[in-house]
Number of protein chains: 2
Amino acid sequence: MARDTRRGMIITAVQVLRERGADGLTVEEVLLRSGAPKGSVYYHFPGGRTELLDEALTYAGNTVSALLNRAATDGPESVLQEFIDIWRHVLTDSGYTAGCPVVAVAVSRTESEELADKARGFFNQWATALTNAFLAEGMSESTARQLATLSIATIEGAVVLCRAHRSITPLEDALAQLRTLINCHRFARDNFTLAP
Amino acid sequence: MARDTRRGMIITAVQVLRERGADGLTVEEVLLRSGAPKGSVYYHFPGGRTELLDEALTYAGNTVSALLNRAATDGPESVLQEFIDIWRHVLTDSGYTAGCPVVAVAVSRTESEELADKARGFFNQWATALTNAFLAEGMSESTARQLATLSIATIEGAVVLCRAHRSITPLEDALAQLRTLINCHRFARDNFTLAP
DNA sequence: GTCTATACGAAGATAGAC
DNA sequence: GTCTATCTTCGTATAGAC
């Protein structure tokens with residue numbers, strides 16, 4: 001069926017995007033790994049490689065946004081734990097060759113300005129979701145925003161270290177300290193104000 | 001002179017590595033941007049593209065290692081500030097297209113296992129230098145190590161966000177919270193023990 | 001040390017058959 | 001919807017002249 005072929009190619013494209021980066025994604029590899037018919041690429045994706053890349057980014061970005069929005073009500077702690085669990089699977093399943101698809105687009109040559117804008121849009125969505133989670137904890141506007149930025153930067157950076165070390169430890173260590181910081185803010189909120 | 005041509009190509013290669021990534025680095029672009037003679041590539045680099053990449057990674061990684069080792073005696077605060085200053089220049093000078101060369105190699109396809117090992121080696125060097133800086137502050141072994149990992153992850157991740165947002169703000173925000181966390185550990189060390 | 005010419009392979013894209 | 005040429009561009013690498 002047409003829809004299945006298209007959808008299968010998009011999901012495979014996300015995987016390739018994770019492993020090869022945006023510039024390294026080739027239609028041929030997506031074709032091979034998805035098992036999609038070789039002759040139907042430009043039927044399903046008239047825009048060719050660029051359209052496939054766009055769809056992969058959108059699919060991946062929205063998935064994470066949904067996860068982060070759901071977690072804003074569950075509290076930041078559970079979000080972070082969920083991220084560790086997800087990344088443990090993604091990293092081990094890929095032999096530590098997979099990274100974040102949105103990062104992959106953000107650091108790519110990005111012929112089309114549109115893709116770069118979309119990647120930035122996802123980072124903003126994620127930051128907003130996390131900021132709201134921290135605001136719900138009673139933190140100040142600026143603290144919540146900075147903590148959200150730190151959280152995203154930490155996870156994205158730690159994933160790179162995990163790939164290099166072929167181990168989940170960097171992510172666990174980094175997030176352990178991030179949790180400590182969150183608890184420090186709670187402690188400060190409950191007892192006194194920390195010096196700026 | 002021979003040495004100048006070779007050295008110039010390496011320095012240009014670092015720049016290209018930052019912007020295009022390891023897989024995206026082409027000998028042609030290094031040639032064009034360095035102004036090096038077009039016919040002398042394989043004279044200076046018998047190993048071709050791979051050798052050029054290797055030299056660029058070594059040069060860049062060692063530069064940062066030197067900076068971090070020097071800063072281990074100056075205290076972590078001054079290191080972080082120095083990193084903000086350096087990245088501000090690198091990012092603005094490149095129009096927010098440049099990233100970390102070691103990260104670029106770490107997430108690349110990396111035909112040669114040797115390059116990947118070297119990249120991981122640099123991450124380890126940096127982590128050790130920062131760990132020592134935190135140990136000098138009187139922190140525990142595990143806290144120092146985790147903080148070092150968090151610091152590197154935060155900077156590397158924040159740089160990606162800076163590139164996406166075309167702004168230095170993410171790095172400043174993330175490092176502001178990192179400083180807060182460091183101060184929390186100092187406060188805890190001086191007054192009591194935080195719950196794990 | 002540096003140049004030109006050439007071989008080779010990889011990948012995107014299009015045209016037209018089935 | 002899918003397939004098979006075929007065209008084109010680009011990048012690495014080598015050979016041999018200067």
Side-chain angles (χ1 to χ4, degrees), chain A residues 1-57 97 101 104-105 108-116, chain B residues 1-57 97 101 104-105 108-116:
Chain A
M1 299 158 191
R3 285 294 114 182
D4 281 3
T5 297
R6 191 180 144 87
R7 182 180 165 80
M9 285 188 71
I10 292 173
I11 291 178
T12 302
V14 173
Q15 185 67 17
V16 175
L17 179 56
R18 292 190 115 110
E19 297 177 22
R20 309 295 193 203
D23 298 324
L25 178 145
T26 67
V27 178
E28 198 185 352
E29 186 170 3
V30 174
L31 236 28
L32 253 68
R33 291 169 61 161
S34 67
K38 287 119 191 70
S40 61
V41 183
Y42 288 87
Y43 173 81
H44 294 296
F45 303 90
R49 201 192 89 103
T50 305
E51 184 177 348
L52 183 54
L53 206 49
D54 194 306
E55 295 286 0
L57 172 64
T97 63
V105 170
S108 74
R109 199 185 304 242
T110 301
E111 326 82 51
S112 64
E113 191 65 31
E114 190 191 334
L115 274 185
Chain B
M1 298 154 189
R3 284 296 114 181
D4 282 2
T5 297
R6 190 181 144 87
R7 183 179 163 80
M9 283 187 71
I10 293 173
I11 292 178
T12 302
V14 173
Q15 185 69 17
V16 175
L17 180 55
R18 292 189 115 110
E19 299 177 20
R20 310 293 193 202
D23 297 325
L25 179 145
T26 67
V27 179
E28 198 183 352
E29 184 169 4
V30 174
L31 236 29
L32 254 69
R33 290 171 60 162
S34 67
K38 288 121 190 70
S40 61
V41 183
Y42 288 87
Y43 172 79
H44 294 296
F45 301 90
R49 198 192 92 102
T50 305
E51 184 177 350
L52 183 55
L53 205 50
D54 194 304
E55 295 286 1
L57 172 63
T97 62
V105 170
S108 75
R109 200 184 304 241
T110 300
E111 324 83 51
S112 64
E113 192 65 31
E114 191 191 332
L115 274 185

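Letters A, B, ... mirror the listed sequences (proteins, then strands); counts begin at 1.
Between atom CZ of residue B:Arg33 and atom CE of residue B:Met9 there is a gap of 12.5 Å, rounded to the nearest 0.5 Å. One distance of note links CG of A:Leu32 with NZ of A:Lys38; it measures 6.0 Å at 0.5 Å rounding.
Listed here is the closest heavy atom pair of A:Thr110 and A:Ala116: CG2-CB, 3.6 Å. Of all heavy-atom pairs between B:Ser40 and B:Pro37, the closest is OG-O, 3.1 Å. In plain terms, the two heavy atoms of B:His44 and B:Arg6 that are nearest each other are O-NH1, 2.9 Å. Of all non-hydrogen atoms in B:Ala56 and B:Val14, the two that sit nearest each other are O-CG2, 3.5 Å. Summarising the geometry of B:Thr12 relative to B:Val30, their closest heavy-atom pair is CG2-O, 3.8 Å, with the distance given to 0.1 Å.
Atom pair A:Met9:CE and D:dG1:P shows a separation of 15 Å (rounding to whole Å applied). Atom CD of B:Glu51 and atom C1' of D:dA13 are 14 Å apart (whole Å). Between the C1' atom of D:dT12 and the CG atom of B:Leu53 lies a distance of 14 Å, rounded to the nearest Å. Going from atom NE2 of B:His44 over to atom C1' of C:dC3 covers 13 Å, rounded to whole Å. Between the CZ atom of A:Phe45 and the C1' atom of C:dT14 there is a distance of 18 Å, given to the nearest Å. If you measure from atom CG of A:Leu52 to atom C1' of C:dA11, you get 14 Å, rounded to the nearest angstrom.
Counting only heavy atoms from C-beta on, A:Tyr42 has its side chain closest to C:dT14 among D:dT14, C:dT14, C:dT2. Closest approach to the B:Thr5 side chain among C:dT14, C:dT2, D:dT2 is made by C:dT2 (side chain taken as heavy atoms from C-beta onward). Comparing D:dT12, C:dT2, C:dA13 by their nearest atom to the side chain of B:Tyr43 picks out C:dT2. The B:Arg49 side chain lies nearest to D:dT12 when the options are D:dT12, D:dT2, C:dG1.
Within residues 17-28 of chain A, the residues approaching DNA chain C are A:Leu25, A:Thr26, A:Val27, A:Glu28, by heavy-atom distance under 4.0 Å. Annotation: proximity of residues 31-38 of chain A to DNA chain C (heavy atom, distance under 4.0 Å) is found for no residue.
Distances shown here put every side-chain N or O of B:Ser40 at or beyond 4.0 Å from the OP1 or OP2 atom of C:dG1.
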In a table with atom names and distances, give each donor-acceptor pair under 3.5 Å that connects a side chain of residues 45-53 of chain A to protein atoms at least two apart or in another chain.
from: A:Arg49; atom 1: NH1; to: A:Ala22; atom 2: O; distance (Å): 3.3
from: A:Arg49; atom 1: NH1; to: A:Leu25; atom 2: O; distance (Å): 2.4
from: A:Glu51; atom 1: OE1; to: A:Gly47; atom 2: N; distance (Å): 2.7

Residue pair B:Arg7, B:Glu55: steps toward the salt bridge (Lys or Arg N to Asp or Glu O under 4.0 Å) verdict: CA-CA 10 Å; B:Arg7 183 179 163 80; B:Glu55 295 286 1; over 6 Å; no

